[in-house]
Each structure stands twice: as C-alpha cells, then as structure tokens.
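Everything below concerns the one structure shown next.
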Amino acid sequence: MAVAETIKRKLTAALAPARLDIADESARHAGHAGARPEGESHFRVAIVSSRFEGLPRLARQRLVYDILADELKSDIHALALQTRTPAEDTP
Amino acid sequence: MSTAIDDHVSQRIRQDIDAHDVVLYMKGTPVFPQCGFSATVVQVLSLLGVKFKGVNVLDDPEVREGVKRFSEWPTIPQLYVKGEFVGGCDIIREMYEAGELEELFTTRGVARQPAD
C-alpha cells in the first residue's frame, strides 16, 4: 500500500481527526540521502484531533510517532508534524 | 544483544548533555547543517543568541541510533537543555514562535547573547 495511504488510514483510525492534511514533499528532496527513488519518503502532516487535548507538544508528537512506528522505521525518512486540538485550529 | 554497546552510547550522551547547557543532535554541523530540519533549529538558537554544542550524528552511526533510543524519539534533530529533552524541529519552531523557548532558556538559567 502507498505510504501516504497507510499514514492516512492509521492516523484516522487512531485519532479520529477533525482535519488531516498529508503532503508528500519527497520531490523536494529527490537525490537527498534517505529519499527513495519511488518517492514517498518525506511527509508534512497536519492533524487536528480532540485526542490532543490536555497533552503537551512532546506527548502529542510521541502519540503520532507511536501510531506510525513501523513506517518511521522503514519508509518515512522525514515527518514534519503539526498537532492541534479543534479549539486551537482557528484561523 | 548489544546491551553493552547501548550502555556505552547512553553514557556518552548522558555525559554530553550534563556537560553542556544546550546540546543539539543534528545532521551536519552548526556552520554546515546537512538537513533542513537541523538548519531550522540552528537558526532559532542563533536568533536567541544561545550557545550550544552541536553533535553531528552523520559522523557517528552509533550516536545516530543511540540518541533515538535514549530520547525515545525517532527523528533528528533533537534538542537538550540542561540535560532534558525538549523536542525536535516542529516543537522548537512552535515554541520559538510562541515565545516559550526564550522563556525556557530564561527559567533554566541558560546564558544568551542576542545579536545587537
């Protein structure tokens, strides 16, 4: 399964996000160490979920890292994260 | 198992973060970062006028993997202040933008020399 699809499926199942944006930025890192020829190695993910309520920044990212532990060991070379609660997600 | 090696690496990391107020585990050096995320953290620390020890994990595969286990954090860069793990690039940037990083350095008594 494509990496972006796996990220989406796992985060949706675990966090029931109100908003989930996944951007594959691999093209910007082509040729860079850790970039895979087929792409899908560098991602930027924004998650809005009520599961983050009451959690400090470190705990929020650890939660996401835990959910994507397998992918981080293999496919994902870089993962930029924005983790917000619905209340924080105001423009 | 590589428990002995792990202990050895953990000891080196512990020594570094105890010996220096601010330690950044990064890819490349503070002058020549080799990764955008590491470069961002170097830039933030420079803007705040914080002196730090940069540890180039690309020079040392043992530390590269060891610090991930030590911090239980799967990515580089990693910032330590007064022996405590603060976070990676996203967290440092967010804390800086919210003024929380400056506050952290002040409350922990880390010397700063902001640019004139």
Side-chain angles (χ1 to χ4, degrees), chain A residues 3 6-7 10-11 14-15 20-36 41-49 52 55-85 87-91, chain B residues 17 24-29 32-44 56-61 64-105 107-108:
Chain A
V3 182
T6 308
I7 293 174
K10 288 196 168 180
L11 292 179
L15 298 173
L20 176 61
D21 297 327
I22 301 171
D24 182 348
E25 300 189 331
S26 307
R28 286 174 47 191
H29 301 270
H32 168 289
R36 297 181 304 138
S41 55
H42 292 65
F43 291 93
R44 176 172 298 277
V45 177
I47 311 159
V48 178
S49 169
F52 294 139
L55 294 181
R57 290 191 177 91
L58 267 183
R60 292 179 186 190
Q61 288 214 3
R62 280 197 202 280
L63 184 59
V64 175
Y65 283 152
D66 282 347
I67 295 164
L68 300 176
D70 290 341
E71 287 69 32
L72 280 161
K73 279 183 201 134
S74 51
D75 301 325
I76 301 175
H77 175 71
L79 180 63
L81 280 179
Q82 186 190 77
T83 51
R84 290 185 175 161
T85 64
E88 292 164 352
D89 192 39
T90 47
Chain B
I17 63 177
L24 179 64
Y25 292 89
M26 62 179 292
K27 293 181 178 174
T29 65
F32 292 109
Q34 294 186 41
C35 153
F37 300 110
S38 291
T40 298
V41 179
V42 168
Q43 193 183 8
V44 165
N56 182 2
V57 302
L58 297 178
D59 275 351
D60 196 333
R64 183 175 181 171
E65 290 314 307
V67 76
K68 292 179 185 176
R69 281 194 302 272
F70 186 87
S71 313
E72 296 179 318
W73 193 261
T75 54
I76 306 289
Q78 299 187 8
L79 183 70
Y80 275 84
V81 176
K82 295 271 183 180
E84 197 178 308
F85 179 55
V86 179
C89 176
D90 300 311
I91 288 177
I92 299 307
R93 193 173 29 76
E94 285 178 16
M95 287 180 73
Y96 172 69
E97 286 166 359
E100 293 169 22
L101 195 60
E102 190 171 356
E103 197 180 303
L104 176 85
F105 288 129
T107 54
R108 300 288 170 88

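In what follows, chains are A, B, ... by sequence order, proteins preceding strands, each numbered from 1. As the structure is a prediction and not an experimental result, all values here were calculated from the model.
Here the straight-line distance linking atom CG of A:L81 with atom CD1 of B:I91 works out to 8.5 Å at 0.5 Å rounding. The CH2 atom of B:W73 sits 6.0 Å away from atom CZ of A:R62, with the distance rounded to the nearest 0.5 Å.
A heavy-atom distance below 4.5 Å is not found between the side chains of A:Y65 and B:E72. Taking 4.5 Å as the limit, every side-chain heavy atom of B:D90 sits out of range of all side-chain heavy atoms of A:Q82.
Contact annotation for A:L58: both backbone and side-chain heavy atoms come within less than 4.5 Å of a heavy atom of chain B. Only the backbone of B:S71 comes within contact range of chain A, with at least one heavy atom under 4.5 Å from a heavy atom of that chain.
Between B:E100 and A:R57 a salt bridge is recorded (basic side-chain N to carboxylate O distance below 4.0 Å).
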